[in-house]
Amino acid sequence: MNARTHPDLLQAAASHHLSNTHLDALEEETIFILREVAAAFERPALLFSGGKDSLVLLKCAEKAFGVGRIPYPLLMIDTGHNFPEVTDFRDQRAAELKAELIVRSVEDSMARGTVRLAHPGESRNAHQSVTLLEAIDEFRFDALIGGARRDEEKARAKERIFSHRDSFGQWQPKAQRPELWTLFNTRLAPGEHFRVFPISNWTELDVWQYIERERIALPSIYYAHRREVVERRGLLVPVTPLTPPKDGEHVETRTVRFRTVGDITCTCPVESPAATPGQIVIETLAADVSERGATRMDDKTSDASMEKRKRDGYF
């Protein structure tokens, strides 16, 4: 979405109040699931990137267990190509919560030879699956809590809240277990684990309304800022040492923000003047493209690209 085509929406942000009473039910469900994971599994962990969805999960975990009492560690799989604003915020937030933070790097997997890039410029994003499975084996995690939502992408819409993974870490969509009346089958065979998605039923709009209501702090790049970009394949690609302009591309400085954050090599901003959660709420109402569809180059390869990666162990 180009926010410049909707100036009236941002003007309305100051005076228009959108009901957020439904957030209480979403929050209650999320807290219930977070507590269920703590009760049902021996070695769970919460996937924490420093992004908005994982920060919403952390806020719900604070409410579920209390500050300094989150009963599982935070796990970050770092490609080595993450935005520094996000990784710095990740460390700061984990320290504030007195939470254990475990970071495992794709670069370490590359040093071990378990990850091999096709060429030096290849995105490391998809290779996080290998490092994640190695971390699961290292710490013997039996449940990983993630911030994925069903509205993000077609493959994620197929997920159960408790998503079973086999002993190879693979997701089999036809072998998922039914979830009726919030009853979850958490039985595991040796070597298997679950990916648990407590905010599956939230939307991008819900997340931003919750961020506004709870006054959740976020990395600065989620809000409007000036950045050099080039237009490529219908996206605005940030100009960085990892993503330099190609021959013939015109570098422009625009006011942008990130709807989602991830590996620099495949994450793009959108043009937007929205500088507060309230303004982003109004802007999101007019969005006609999902956040991943609008911002992720790695999802542009095919409609099945995410599903293939999830079958291989991706988040």
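- The distance from the CD1 atom of I211 to the CG atom of L55 is 7.5 Å, given to the nearest 0.5 Å.
- Put simply, the side chain of L188 reaches to within 4.5 Å of the side chain of E192, judged on heavy atoms.
- Residues F258 and F83 place their aromatic rings such that the two centres sit under 6.0 Å apart.
- The pair E204-R259 counts as a salt bridge, with a side-chain nitrogen and a carboxylate oxygen less than 4.0 angstrom apart.
- In terms of heavy-atom proximity, F89 sits nearest to A217 at CZ-O, 3.3 Å.
- Within the 3.5 Å criterion, the main-chain N or O of V256 finds a donor-acceptor partner in the side chain of H225.
- Using bins of under 30°, 30° to 60° and over 60° for the plane-to-plane angle, the ring pair H164/F194 lands in the perpendicular bin.
- Look at D88 and R93 and you find no salt bridge, because none of the NZ, NE, NH1 or NH2 atoms lies under 4.0 Å from a carboxylate O.
- Rounded to the nearest 0.5 angstrom, T79 OG1 and E107 CD are separated by 8.0 Å.
- In this structure a side-chain-to-backbone donor-acceptor pair under 3.5 Å is missing from E283 to Q279.
- There is a side-chain donor-acceptor pair under 3.5 Å between T203 and D206.
- Considering CD1 of I70 and CZ of F65, their distance stands at 8.0 Å, rounded to 0.5 Å.
- Of the possible polar contacts, none joining the D247 side chain to the E249 backbone as a donor-acceptor pair under 3.5 Å is found.
- Under the 3.5 Å distance criterion, with hydrogens and angles disregarded, no donor-acceptor pair is assigned to the side chains of Q172 and Q176.
- By the criterion of side-chain heavy atoms lying less than 4.5 angstrom apart, applied directly or through intervening Ile, Leu, Val, Met, Phe, Trp or Tyr residues, F48 is not grouped with I31; the two fall into different hydrophobic clusters.
- Residues H127 and E122 have side chains in contact (heavy-atom distance under 4.5 Å, counting atoms from C-beta outward).
- Within the 4.5 Å cutoff, no side-chain heavy atoms of L47 are placed close to those of F197.
- Among all heavy-atom pairs drawn from V230 and P245, the shortest one is CG1-CB, 4.0 Å.
- Residue V115 comes nearest to V106 through the heavy atom pair CG1-CG1, 4.3 Å, listed as atom of the first residue, atom of the second, then distance.
- Using a cutoff of 4.0 Å between basic side-chain nitrogens and carboxylate oxygens, E138 and R104 are scored as salt-bridged.
- Salt bridge status for R112 with E134: present, with a side-chain N to carboxylate O gap under 4.0 Å.
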Could you check E29 against I161 for side-chain contact (heavy atoms from CB on, under 4.5 Å), going step by step and ending with a plain yes or no? CA-CA 11 Å; E29 178 186 52; I161 293 176; 4.2 Å; yes
Please lay out, stage by stage, how F141 and I102 fare under the test side-chain contact (heavy atoms from CB on, under 4.5 Å). CA-CA 12 Å; F141 291 131; I102 299 170; 4.1 Å; yes
task: Kindly determine whether W171 and D166 satisfy side-chain contact (heavy atoms from CB on, under 4.5 Å), including the steps that lead there.
output: CA-CA 7 Å; W171 174 61; D166 65 21; over 6 Å; no
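- D142 contributes a side-chain N or O that, together with a main-chain N or O of E42, makes up a donor-acceptor pair within less than 3.5 Å.
- Between R195 and R160, the closest side-chain pair of non-hydrogen atoms is not below 4.5 Å.
- Here R213 pairs with E27 in a salt bridge; the nearest charged N to carboxylate O distance falls below 4.0 Å.
- Interatomic distance, SG of C60 versus CZ of F32, reported as 14.5 Å (0.5 Å rounding).
- Exactly one of R165, R150, R177 qualifies for a salt bridge (Lys or Arg N to Asp or Glu O under 4.0 Å) with E159. That residue is R165.
- R227 has no carboxylate O lying under 4.0 Å from a charged side-chain N of E252, or vice versa, which leaves the two without a salt bridge.
- For A40, the side-chain contact (heavy atoms from CB on, under 4.5 Å) partners at least two apart in sequence or on another chain are T186.
- Residues I33 and V196 meet the side-chain proximity criterion, which asks for heavy atoms closer than 4.5 Å.
- Between D108 and T131 the shortest side-chain heavy-atom distance does not fall below 4.5 Å.
- Using a 3.5 Å distance cut-off with no hydrogens or angles, the side chains of D263 and T265 do pair a donor with an acceptor.
- Looking at E271 and R226, no side-chain N of the basic residue comes within less than 4.0 Å of a carboxylate O on the acidic one, giving no salt bridge.
- Once rounded to the nearest 0.5 Å, the distance linking CG of L144 with CZ of R43 reads 12.0 Å.
- In this structure, the side chains of Q209 and H22 come closer than 4.5 Å at one or more pairs of heavy atoms.
- Classification of D53 and R149 as a salt-bridged pair holds, one side-chain N sitting under 4.0 Å from a carboxylate O.
- Considering all non-hydrogen atoms of both residues, S49 and M76 come closest at CA-SD, 3.7 Å.
- Considering all non-hydrogen atoms of both residues, G146 and P198 come closest at O-CD, 3.4 Å.
- A heavy-atom distance below 4.5 Å is found between the side chains of M110 and L117.
- When all heavy atoms of L26 and N201 are compared, the pair lying nearest together is CD2-O, 3.9 Å.
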Item to complete: Given side chain to side chain donor-acceptor pair (under 3.5 Å), test Q92 with E96 step by step and report yes or no.
Response: CA-CA 6 Å; Q92 173 192 328; E96 290 171 351; 3.1 Å; yes
Worksheet entry | Worked check of side-chain contact (heavy atoms from CB on, under 4.5 Å) between T284 and I280 | CA-CA 6 Å; T284 303; I280 293 176; 3.7 Å; yes
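- Taking CZ of R124 as the reference point, atom CG of D78 lies at 9.0 Å (rounded to 0.5 Å).
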